[in-house]
Protein chains: 2
Amino acid sequence: MFKEIAGGVCAAQGFRAAGVHCGVKAGSSPDKNDLALILSEKECAAAGVYTLNRVKAAPIYVTMDHLENGVAWGVVANSGNANACCPLSHENAELMCAAAAQSSGRAPEDFIVASTGVIGQTINISAIQAGMPALAEGLSREGSDAAARAIMTTDTVKKELALSLTLGGQEVRLGAIAKGSGMIHPNMGTMLCFVTTDCAITQEMLEDALREVVGKTFNRVTVDGDTSTNDMCTVLANGMADNPLIEWKDEDYFIFLAALEHLCRALARAIAGDGEGAGRLVTCKMTGARSEESAERLAKAVVGSSLVKAAMFGADANWGRVLCAMGYSKAPFRPEHVDISFESAAGSISVCRQGDGLTFDEELAKKVLSEKEVVIAVDLHEGEDSAECWGCDLTYDYVKINGDYRT
Amino acid sequence: MFKEIAGGVCAAQGFRAAGVHCGVKAGSSPDKNDLALILSEKECAAAGVYTLNRVKAAPIYVTMDHLENGVAWGVVANSGNANACCPLSHENAELMCAAAAQSSGRAPEDFIVASTGVIGQTINISAIQAGMPALAEGLSREGSDAAARAIMTTDTVKKELALSLTLGGQEVRLGAIAKGSGMIHPNMGTMLCFVTTDCAITQEMLEDALREVVGKTFNRVTVDGDTSTNDMCTVLANGMADNPLIEWKDEDYFIFLAALEHLCRALARAIAGDGEGAGRLVTCKMTGARSEESAERLAKAVVGSSLVKAAMFGADANWGRVLCAMGYSKAPFRPEHVDISFESAAGSISVCRQGDGLTFDEELAKKVLSEKEVVIAVDLHEGEDSAECWGCDLTYDYVKINGDYRT
């Protein structure tokens, strides 16, 4: 139905991007990009989802304001400072947009603005203003990589992906860059993700698709249970693919939706696997549930449990902690029906049947849990619904990274 | 109003206790007690609160059953195995009570039973049965220490405390032992705590007092956000102090309530400070709140945040994480009114006023946060209510302890 292609956030027609180092954070390496720009050559239908944290960074409010009319032309984003909870944060978020506008010949309201980094310190807006002309000048069809790097903080790998699909005989492309490693938790727009597409789609359909997809992808990731003040996922659609306009939930809409979900799931998994200090990607597959909602709640509790995460770090088949986490999730289930197994490339091992422990080969369990990707598979034996959530192990490095992030 | 005295769970008249090593966990050190018994020489009014985890260990159900008539004579408890989620768990919990009854001349239904340790492995009931006669024989007025040690798992310090107060001219005593280090989180009866008193009080008043106190003490502790399957806090009152019977919420009731709260708060703080791998006790004092409930929710979110905990480990004054955690707590407040400071024996430092960061002396902040006990003080400037919650820092040792707890 669709295939992965190169180009990231610039794969879709009419989108250019760039990333530079401008020195947002004092003393940061000149090799580390910290300012990103994405620009479309045509006006885009635009939609966004944002953190549900009551404390929202200024760029969130400014972006909400700029997207009120449902259209935008581009994205300006920095790492190195969250521009949250500090004097002049709102003014500085507007100044970022103004600088982007001035250098690119657009209006400030045409921009989505995002920041990520430390909370509570006034952002170095002069550095951003000084860096903007070179950033805009560098905009190109090859700029996705530089932009993706510019929004990384403690991320260890760059997150970008693009897809090609066919709608009404026309090739449509969809691309994204994302970042996220710490302060990541479900129930929100999660981390930063900027999606671009040349699909012709109404703003209303775009918004519906984004909300549905985020709920099933980014909102099913947890690294540390902390919901950030700056999370945002936006999509820009400039219509340049010339496919028949998607105006309602027809077949084309569902193809587009599936492609968007594929894109966002891949990035969500990348974020979980690259959780701060993480050694492995941990997936919890909850099946046999009465509803998708309860399956999701149970699976989230499992991947969110500090004790499960620490056990995964130790490759310890401590399935009691899995059942325990399900127990405090507040979702209904019968413990006495539950089967649990661990699965990975190294094999599969059943550890609990109908709520009681099984005798199992500890050596094989250790092998299964020592892989880079591990699945905790739970069958509730109560219904037909299921959900998958993603997290990572809790390691010494998580503690190290976060014990001394600010200074 | 009351003073701390020696004697722990045996301080109140008529209570004896003992602890022995019986070998619940294969290969455990013979120096580590793992079986505890507490016995009153008179029937006691009894009350308990239990874990709200949907997955409850068998001893929880058996204790609920035994306390249905509101009376009990004693407590039998083991460490080394949670007796949860394994074949024969219910039968074995009953067998523990039967063994205690046989060795002490009581009925099985007279006992509260509790277990703590690994989930999902069938308990070694033979070891418990074999150890019981010596345990009962060892019952003494000096047995609190041995019993307190017998319920420890990853605890590094023993938790016991006793108080003396005067009611109607009579000395009344109140004592307790507790354990708890990992798998600790609010919203439940939390960990194991056994309180004894010679106070004359009806079962109804005792139950009310226990519920009120647990809500303000143990339920305000979090170590790792994981609610155990085995948590329980019980109180036994044998009436031997001969004070005028507390039958309603008169002055004596409130004196007793205050003493019980003092006792449980001290043990709750001891549990938080002895969190798995913890280097410091972290208290969040939330003041100026619209309601105690919202103050509690906000303070709990702060002490429960992995990022705040990791910052406390690093003695890093990263107050943005404090505000961020408050933001996702789901309690209402205005970020732009919030003041935050850090306090300890080394001094006090303001870091945020009206939601914006202050410039502060980083060196002093480091000194303040390097103490064994640290307070995060937040003023919401919205009302008169307040609450205090307790937690600890997140350290390498937490990860180490939990990466390899089971094997």
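As the structure is a computational prediction, the values presented were derived from the model and not from experiment.
- Heavy-atom minimum distance, A:Ile119 versus B:Cys324: CD1-CB, 4.1 Å.
- Of all the listed residues (A:Cys85, A:Gly357, A:Ser329, A:Ala84), the one sharing the greatest number of non-hydrogen pairs under 4.5 Å with chain B is A:Cys85.
- The minimum heavy-atom distance between B:Val55 and A:Leu323, with the atom names listed, is CG2-O, 3.4 Å.
- Atom CG of B:Asp356 and atom CD of A:Gln121 lie 12.5 Å apart (nearest 0.5 Å).
- There is no contact between B:Thr122 and chain A, counting heavy-atom distances below 4.5 Å.
- Around the CD atom of A:Glu293, the shell of radius 6.0 Å holds no more than 12 heavy atoms that belong to other residues, nucleotides or ligands.
- Only the backbone of A:Ala331 comes within contact range of chain B, with heavy atoms under 4.5 Å apart.
- The side-chain heavy atoms of B:Asp397 and A:Tyr396, taken from C-beta on, include no pair separated by under 4.5 Å.
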